[in-house]
Amino acid sequence: MTTAYNWQLGRDMDYRFEGGGAKRQFAAVFNINRCIACQTCTMACKSTWTFSPGQELMWWNNVETKPYGGYPRHWDVRTLELLEEANPGGQVWDAGQHSEAAPYGRFEGKTVFEAASPEQRAVGYLPADEEWSAPNRFEDHGTGWTAKGTSLPEHEGWFFYLARICNHCTYPACLAACPRNAIYKRPEDGIVLIDQERCRGYRKCVEACPYKKSMYRPSTGTSEKCIGCYPRVEGTDPLTDGHPMEPRCMAACVGKIRMQGLVSVEADGTWTPDPEHPLYYLVHEEQVALPLYPQFGTQPNIYYIPPRWVPRDYLRQMFGPGVDHAIERYTRPSRRLLAVLQLFRASQQTIFSFDVDEGERVGEVMVGGRPYEIFNDTAIGFDADGHEIVRIRVEEPLHERPLKVNSI
Amino acid sequence: MRRALPKLGVLMVLVVVAVMLRVTEANPAQAQTLTIGAWRVSEDPGLDGSAPEWQSILPVFVPTTAQQITPPMGGGAVERVGIRAVHWEDQLFVMLEWSDFTPDYFSDRSEAFTDAAAIQYPAEAGSEVPFICMGLADQAVNIWQWRSDQQGELPGLPPNGYVDLYPQTDDLHLTARAAGNPLSQEVRSPVHNLVAGGFGTLTSSDSDALRGQGVYSDGRWMVVYSRPFEPAGELQPAFSPDQPIDVAFAVWDGSRQERDGIKSVSAFTRLAITPEDPPRRGVAATGDWPAYTPPSPMLAYSIGFIALVVIVAGAVWFYLRRRPDGPDVEES
């Protein structure tokens with residue numbers, strides 16, 4: 001077993017292979033505060049990749065309702081439980097000692113790799129078909145009929161929607177667990193793929209992936225997973241004329257919660273400093289977007305702006321100790337952050353850098369009992385060559401309809 | 001401290017043995033005690049291992065244990081396999097037989113795994129015994145693997161599944177089939193010819209010349225493999241009456257989620273092709289395997305009948321209780 005540096009944990013950790021191996025990394029930020037669980041992303045993915053025989057239970061993209069929902073059922077609680085059993089009481093963070101290389105402090109517990117017994121590569125479990133079926137059932141449905149109507153006793157005042165795809169982890173557990181070496185991480189974009197020719201359907205990847213984003217397909221006897229819409233990321237879709245393009249789930253997002261990007265990474269898996277890159281800015285500069293269950297140790301690459309209204313203990317378990325800082329920053333965003341947040345879903349072409357043109361002051365609101373000024377700044381997104389691809393203002397443009405409407 | 005001493009002693013012995021093996025370059029896998037005869041038969045023995053021609057041959061029992069060398073480790077559900085081997089018209093036939101009360105025919109669910117069995121040879125006959133686990137980079141192995149899920153059709157819809165329409169069902173949309181995965185093809189052989197040179201290197205080879213079939217009967221799998229003496233491709237051994245060959249066996253029990261390294265494996269034994277007739281015995285030999293009692297439907301019927309009686313009696317009692325002219329059980 002070799003070691004690899006996991007900046008999300010602020011320390012070296014055990015991993016089967018050295019380093020992440022990618023020069024550029026597919027990453028994204030999902031702003032949970034905006035998600036309405038319309039499942040448009042889910043259907044965009046389904047209708048593109050998983051509509052064929054044997055893929056009936058497969059949802060490479062899913063949106064589940066937390067705290068009780070999960071696809072497969074209870075996936076996160078089950079893995080957290082396994083880790084807790086392996087290291088009772090030890091799954092804690094030392095958030096005190098944070099630095100640039102360890103922005104959330106140091107995780108003192110065990111990752112899925114470190115908690116594994118010698119017989120396996122990673123702690124995990126294999127969900128049964130029943131757990132993969134009927135996603136979202138009972139998550140925010142009425143659970144019973146009363147004389148007054150249906151009741152929703154579960155949520156007790158808070159819930160949120162968690163959109164999930166494969167995290168294309170820097171240190172994927174699926175890849176480490178595959179006894180066939182049939183899973184690989186592409187150096188050019190860090191997308192993790194299962195070689196459909198080599199896979200023999202052992203499902204060690206399904207068992208090991210803590211996010212349960214590797215799924216079994218009986219009609220071919222192999223496992224499949226989210227492919228990050230790599231033809232679009234490669235720029236082979238004619239729509240963008242050879243330029244990298246967002247995956248289907250992101251391009252279809254009605255709530256404009258998602259922004260995808262390709263970030264440069266160093267040999268040790270850390271991000272190359274690039275404050276003009278919108279994802280680097282959100283994750284490292286503002287630290288407003290956080291990894292999902294960083295304690296699993298796979299260094300996932302989908303980052304979440306945590307929901308403001310959810311109890312902090314729950315959020316800290318899910319996104320690590322950076323939660324309080326992230327919510328504080330998001331609730332009273334800087335002018336620059338407010339501008340970057342406008343770039344979400346402003347273009348289906350991948351944005352590689354951004355700039356902000358300052359605009360006039362357009363209003364003042366009260367945030368947290370204190371006044372907060374709003375400026376109509378303009379966010380500009382550029383492609384990899386520095387060409388402008390989108391320009392959007394903080395204030396939503398007002399269009400006045402002409403009196404004489406020529407339609408209908 | 002006193003309790004730690006025996007452990008320390010064992011460790012010391014292991015270290016000494018390891019050093020001795022290193023110094024003497026001895027290979028413990030070569031210390032074989034078992035030789036399996038591949039006997040001459042005058043008629044095509046066929047691929048049905050349950051046939052009397054096969055069953056009457058005296059088997060050689062080879063012990064198997066859990067794989068404990070590399071992750072994923074485990075297995076060991078099967079404690080021994082019965083081996084019979086014959087040759088006919090320059091073709092080698094090997095039959096593996098083992099006890100498994102839970103046959104798995106399909107890998108049709110996320111948690112369903114196939115039963116399987118494999119024979120491993122050095123890629124070159126007469127070469128030094130390779131590393132027992134999948135060979136080494138310079139000492140490849142040839143593996144014949146049979147899988148129960150490869151015998152039938154690939155599964156269709158999951159239980160209770162309902163689909164309005166599949167827009168495309170051609171091979172391109174069965175991704176692994178389009179990618180050329182031999183396990184995913186519509187027309188497949190239940191046995192796959194594979195080569196390996198170390199962990200994680202298992203790769204498909206030409207399997208045209210390799211045939212095989214598994215039969216489940218009486219609580220046992222009986223799998224027959226057959227291949228001509230002369231190999232049809234690279235990294236496959238030639239069989240010859242003059243040259244005994246090393247051979248090892250592995251068995252997987254799908255019901256216990258055994259797959260890949262999680263299996264029951266044997267040490268290397270020796271297979272010798274002989275011109276002699278096979279030693280035979282009565283077909284109805286018992287005691288080789290644990291007695292198998294197929295699940296009886298009578299128990300289920302009995303429980304169902306009792307349940308029905310209770311429900312009917314309850315309904316009658318409830319009806320009589322509610323009727324005004326019935327037995328007066330209401331409190332007045």
Side-chain angles (χ1 to χ4, degrees), chain A residues 1 16 47 49-58 72 113 116-122 124-134 176-183 193-204 206-208 212 214-225 227, chain B residues 66-68 70-75 106-114 134 145 147 149-150 153-163 165-185 188 192 194 199-204 257-262:
Chain A
M1 187 75 81
R16 187 179 166 196
S47 61
W49 301 115
T50 63
F51 52 77
S52 298
Q55 297 178 311
E56 295 84 4
L57 303 182
M58 238 181 230
F113 309 111
S117 68
E119 284 86 29
Q120 55 188 358
R121 299 280 188 198
Y125 75 99
L126 188 69
D129 257 14
E130 193 192 31
E131 294 163 68
W132 291 106
S133 63
C178 179
R180 306 258 318 119
N181 297 331
I183 303 183
L193 297 174
I194 301 176
D195 183 339
Q196 288 299 305
E197 192 190 352
R198 274 192 71 73
C199 177
R200 290 179 72 82
Y202 296 143
R203 284 157 268 176
K204 292 307 286 185
V206 184
E207 193 177 291
K212 296 292 168 248
S214 188
M215 299 153 198
Y216 178 65
R217 180 172 184 181
S219 60
T220 57
T222 56
S223 296
E224 295 183 355
K225 65 178 284 301
I227 59 171
Chain B
Q67 190 275 122
Q68 295 290 355
T70 189
M73 296 178 203
F106 302 106
S107 301
D108 56 347
R109 285 166 290 124
S110 297
E111 69 276 26
F113 291 92
T114 178
M134 317 304 286
Q145 193 193 34
R147 283 171 56 150
D149 68 350
Q150 293 287 305
E153 284 180 14
L154 283 164
L157 264 181
N160 306 319
Y162 177 81
V163 171
L165 173 76
Y166 291 109
Q168 278 103 15
T169 52
D170 55 11
D171 283 0
L172 180 65
H173 292 84
L174 289 160
T175 323
R177 183 179 294 178
N181 192 323
L183 296 172
S184 316
Q185 304 307 313
R188 296 157 298 154
H192 290 269
L194 306 153
F199 298 126
T201 62
L202 190 71
T203 302
S204 291
Q257 299 207 335
E258 291 185 356
R259 75 276 200 193
D260 189 58
I262 307 166

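Bear in mind the structure is a predicted one, so any value in this text is a computation, not a measurement. Hydrogens, waters and symmetry mates are skipped; everything else that's a heavy atom, side chains included, is used.
Counting heavy-atom pairs closer than 4.5 Å to chain A, the top-ranked of the candidates B:Gly180, B:Ala112, B:Ala178 is B:Ala112. Counting heavy-atom pairs under 4.5 Å between each of A:Gly221, A:Pro53, A:Ala116 and chain B puts A:Pro53 at the top. Options B:Leu183, B:Leu165, B:Thr203 differ in how many heavy-atom pairs under 4.5 Å they form with chain A, and the most are formed by B:Leu183. Chain A forms more heavy-atom pairs under 4.5 Å with one residue of B:Gln185, B:Gln150, B:Arg147 than with any other, namely B:Arg147. For chain B, the option among A:Glu224, A:Arg200, A:Glu130 with the highest count of heavy-atom pairs below 4.5 Å is A:Arg200. Put simply, of B:Gly74, B:Ser184, B:Ala176, the one with the most heavy-atom pairs under 4.5 Å next to chain A is B:Ala176.
Proximity to chain A (any heavy atom under 4.5 Å) is restricted, for B:Thr70, to the side chain, taken from C-beta onward. In this structure, the portions of A:Ser219 lying under 4.5 Å from any heavy atom of chain B include both its backbone and its side chain. Proximity to chain B is limited to the side chain of A:Arg217, based on heavy atoms less than 4.5 angstrom apart. Of the two parts of B:Gln68, only the side chain, counted from C-beta on, holds a non-hydrogen atom closer than 4.5 Å to a non-hydrogen atom of chain A. Interface residue B:Gln257: only side-chain heavy atoms are found under 4.5 Å from chain A. Heavy atoms closer than 4.5 Å to chain A are found nowhere in B:Leu172, neither backbone nor side chain. Using a 4.5 Å cut-off between heavy atoms, B:Glu258 makes no contact with chain A at all. Looking at A:Glu131, neither its backbone nor its side chain comes within 4.5 Å of chain B, counting heavy atoms on both sides.
The line from CZ of A:Arg121 to CE of B:Met73 is 8.5 Å long, rounded to the nearest 0.5 Å.
Using a 4.5 Å heavy-atom cutoff, the side chains of A:Ser214 and A:Ile194 are in contact. Inter-residue side-chain proximity for A:Tyr216 and B:Glu111 is flagged as unmet; no heavy-atom pair is nearer than 4.5 Å. Using a 4.5 Å cut-off on side-chain heavy atoms (C-beta onward), A:Tyr202 and A:Glu207 make no contact. Looking at A:Pro127 and A:Val206, their side chains come closer than 4.5 Å, going by heavy atoms from C-beta outward.
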Go through the steps for A:Ile183 and A:Lys204 under the test side-chain contact (heavy atoms from CB on, under 4.5 Å), then give the verdict. CA-CA 11 Å; A:Ile183 303 183; A:Lys204 292 307 286 185; over 6 Å; no
Any chance you could lay out the side-chain contact (heavy atoms from CB on, under 4.5 Å) test for A:Trp49 and A:Gln55, step after step, and finish with the verdict? CA-CA 9 Å; A:Trp49 301 115; A:Gln55 297 178 311; 5.9 Å; no
Test log, rule side-chain contact (heavy atoms from CB on, under 4.5 Å), inputs A:Trp132 and A:Glu56: CA-CA 10 Å; A:Trp132 291 106; A:Glu56 295 84 4; over 6 Å; no
Chi angles and distances behind the side-chain contact (heavy atoms from CB on, under 4.5 Å) call for B:Leu202, B:Met134: CA-CA 8 Å; B:Leu202 190 71; B:Met134 317 304 286; 3.8 Å; yes
